[in-house]
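Chain naming here is simple, since letters A, B, ... match the order of the sequence lines and numbering starts at 1 in each.
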Amino acid sequence: MPPAIIPEDNSYYGVALRLDGRVRHVTITVESSELRVRVTGPRPAARARTQLAAAVRRMFRLDEDFAPFYAMIENDAVLSWAASGAGRMLAAPAVFEDVVKTICTTNCAWSGTVRMVSALVNDLGGGAFPEPQTMAKAPEKFYRDTARAGYRGAYLKALAKDVASGKLDLEALRPEHGLPDADVEERLLALPGVGPYACAHAMMLLGRYHRLVFDSWTRPAYLRITGRRRASDRTIERAFRPYGAFAGLAFWLTLTRGWLPG
DNA sequence: CGTCCAGGTCTAC
DNA sequence: GGTAGACCTGGACGC
């Protein structure tokens with residue numbers, strides 16, 4: 001296992017997770033370069049602890065090897081700063097959750113995404129992100145009147161249905177299962193409501209960093225940072241081609257440099 | 001009040 | 001393979 005590079009002490013993250021059927025509030029802190037995970041309630045049984053460990057490992061990308069990327073950018077004019085441990089985009093415990101949330105970001109303002117996901121968590125999941133079966137069973141009324149997901153409602157329900165029935169296995173898209181990027185992309189694009197943007201975004205969350213995410217935020221952000229007046233997606237892709245398998249991550253870090261203090 | 005568009009996608013040419 | 005129009009929703013904006 002590659003070393004987990006933790007940038008600083010006192011980092012804190014909180015999330016509600018469903019562990020062995022029970023919603024737990026989980027806090028993750030950094031203490032002496034190690035992650036410490038705490039949960040509310042009585043000590044979780046073995047099954048819940050296993051689920052918790054798996055969730056944290058995926059959320060913080062503990063099984064991914066960033067060393068090749070850091071070696072690549074060590075002397076990079078723009079990205080050398082990131083070589084000290086940046087790039088661990090927070091993922092959900094399950095690929096299903098990432099795909100659902102990503103669909104909830106499409107063609108709407110961020111406030112809409114928050115509304116839809118909040119409804120899924122609070123009104124359907126009892127405080128944690130709902131299981132596929134729960135989303136599959138939820139009536140259309142929920143998606144229309146509570147989540148106010150509009151036309152996405154049908155996509156979300158259909159997706160949940162296929163995952164719940166076993167017809168669709170999104171977790172199989174994780175890198176450890178060995179599917180080539182091209183196959184994973186093809187499967188993602190075949191999902192209802194998943195186009196080039198959502199596919200690229202989901203690929204990043206899967207730890208597959210080749211594809212650049214183009215949307216109404218990243219495009220202007222790139223222009224602002226480079227000082228260009230305009231640049232086509234193909235031009236931007238060409239600019240990041242030197243980063244190879246990490247082009248998408250390099251693009252993202254270039255755009256989000258200002259999100260970090262200092 | 002109508003129009004536009006926001007972390008796009010789908011269908012039909 | 002590339003492009004127009006429609007699509008839920010709800011804020012922002014112009015009139």
Side-chain angles (χ1 to χ4, degrees), chain A residues 59 86-92 95-124 129 135-136 138-163 168 170 173 182 184-226 228 230-240 247-260:
Chain A
M59 285 192 286
R88 295 178 181 274
M89 298 175 67
L90 185 68
V95 180
F96 171 70
E97 180 176 335
D98 280 332
V99 172
V100 167
K101 285 173 170 173
T102 299
I103 290 175
C104 289
T105 66
T106 59
N107 195 28
C108 68
W110 186 252
S111 60
T113 302
V114 172
R115 177 189 67 244
M116 292 179 243
V117 174
S118 295
L120 289 171
V121 168
N122 297 317
D123 300 307
L124 212 53
F129 197 86
M135 282 184 60
E140 293 177 20
K141 201 160 89 90
F142 164 78
Y143 292 100
R144 187 184 62 233
D145 301 337
T146 303
R148 306 196 68 73
Y151 64 87
R152 298 170 202 80
Y155 297 159
L156 298 177
K157 191 166 158 87
L159 183 71
K161 217 169 170 178
D162 286 349
V163 171
L168 175 66
L170 291 179
L173 306 184
V184 173
E185 277 192 288
E186 191 180 337
R187 295 194 196 193
L188 287 172
L189 286 171
L191 301 177
V194 175
Y197 152 79
C199 176
H201 196 271
M203 290 291 283
M204 294 273 284
L205 293 174
L206 279 164
R208 300 172 181 273
Y209 300 111
H210 176 69
R211 214 45 104 167
L212 280 64
V213 176
F214 291 111
D215 61 32
S216 64
W217 183 80
T218 60
R219 291 189 182 97
Y222 181 75
L223 296 181
R224 177 174 49 74
I225 284 165
T226 58
R228 306 176 65 136
R230 58 171 299 135
S232 70
D233 293 354
R234 293 184 58 179
T235 300
I236 301 173
E237 280 174 342
R238 199 177 315 128
F240 283 84
L249 187 57
F251 181 50
W252 184 251
L253 289 171
T254 299
L255 302 184
T256 58
R257 170 71 182 97
W259 291 9
L260 290 177

Mind checking the [atom1] distance from [N] to [M]? Whole angstroms is fine.
{"N": "C:dC8", "M": "B:dC5", "atom1": "C1'", "value": "13 Å"}
{"N": "C:dG1", "M": "B:dG8", "atom1": "P", "value": "25 Å"}
{"N": "B:dA6", "M": "C:dG2", "atom1": "P", "value": "23 Å"}
{"N": "C:dT3", "M": "B:dG7", "atom1": "P", "value": "24 Å"}

With rounding to the nearest 0.5 Å, note down the distance linking [atom1] in [X] to [atom2] in [Y].
{"X": "A:Met59", "Y": "A:Glu97", "atom1": "CE", "atom2": "CD", "answer": "9.0 Å"}
{"X": "A:His201", "Y": "A:Met204", "atom1": "NE2", "atom2": "CE", "answer": "7.5 Å"}
{"X": "A:Asp215", "Y": "A:Asn107", "atom1": "CG", "atom2": "CG", "answer": "11.5 Å"}
{"X": "A:Asp98", "Y": "A:Thr102", "atom1": "CG", "atom2": "OG1", "answer": "6.0 Å"}
{"X": "A:Arg228", "Y": "A:Leu223", "atom1": "CZ", "atom2": "CG", "answer": "8.0 Å"}

Can you build the contact string for nucleotides 5-12 of chain C? Use B for base contact, S for sugar-phosphate-only contact, and - for no protein heavy atom under 4.0 Å.
--SBSS--
Side-chain donor/acceptor pairs under 3.5 Å, residues 186-200 of chain A, sequence neighbours excluded:
unit_1   : atom_1 : unit_2   : atom_2 : d
A:Tyr197 : OH     : A:Thr105 : OG1    : 2.6

Both A:Ser216 and A:Ala190 contact DNA chain B. Taking the nearest nucleotide for each, which residue is further toward the 5' end?
A:Ser216
Reading DNA chain B from 5' onward, which residue's closest nucleotide shows up sooner: A:Tyr155 or A:Trp110?
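Its nearest nucleotide lies further toward 5', so the answer is A:Trp110.
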Could you tell me from which nucleotide to which nucleotide of DNA chain B, 5' to 3', there is an atom under 4.0 Å from chain A heavy atoms?
B:dA6 to B:dC10
Output all residues satisfying ring-ring contact (aromatic ring centres under 6.0 Å, His included) with A:Phe214, sequence neighbours left out; order by chain, then residue number.
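Testing A:Phe214 for ring-ring contact (aromatic ring centres under 6.0 Å, His included), a comparison that skips the adjacent residues, returns A:Phe251.
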Taking everything shown except A:Arg211 itself, do over 12 heavy atoms lie less than 6.0 Å from its CZ?
no
What I'd like to find out is whether the side chain of [X] reaches to under 4.5 Å of the side chain of [Y], using heavy atoms alone.
{"X": "A:Ile225", "Y": "A:Tyr222", "result": "no"}
{"X": "A:Met116", "Y": "A:Arg148", "result": "no"}
{"X": "A:Leu159", "Y": "A:Met135", "result": "no"}

Take A:Cys108 and A:Arg152 through the side chain to side chain contact (heavy atoms under 4.5 Å, CB included) test and state the conclusion after the steps.
CA-CA 11 Å; A:Cys108 68; A:Arg152 298 170 202 80; 3.5 Å; yes
For DNA chain B, what dot-bracket results from Watson-Crick or G-U pairs at under 3.5 Å, with [ ] for crossers and | for inter-strand partners?
||||||.||||||
Have a look at A:Phe214 and say if it touches a base, only the backbone sugar-phosphate, or nothing, with a 4.0 Å heavy-atom cut-off.
nothing
Within residues 191-200 of chain A, find the residues that approach DNA chain B with a heavy atom at under 4.0 Å, and present them sorted by residue number.
A:Leu191, A:Pro192, A:Gly193, A:Val194, A:Gly195, A:Pro196, A:Tyr197, A:Ala198
Parallel under 30°, tilted from 30 to 60°, perpendicular over 60°: which one fits the rings of A:Trp217 and A:Trp259?
tilted
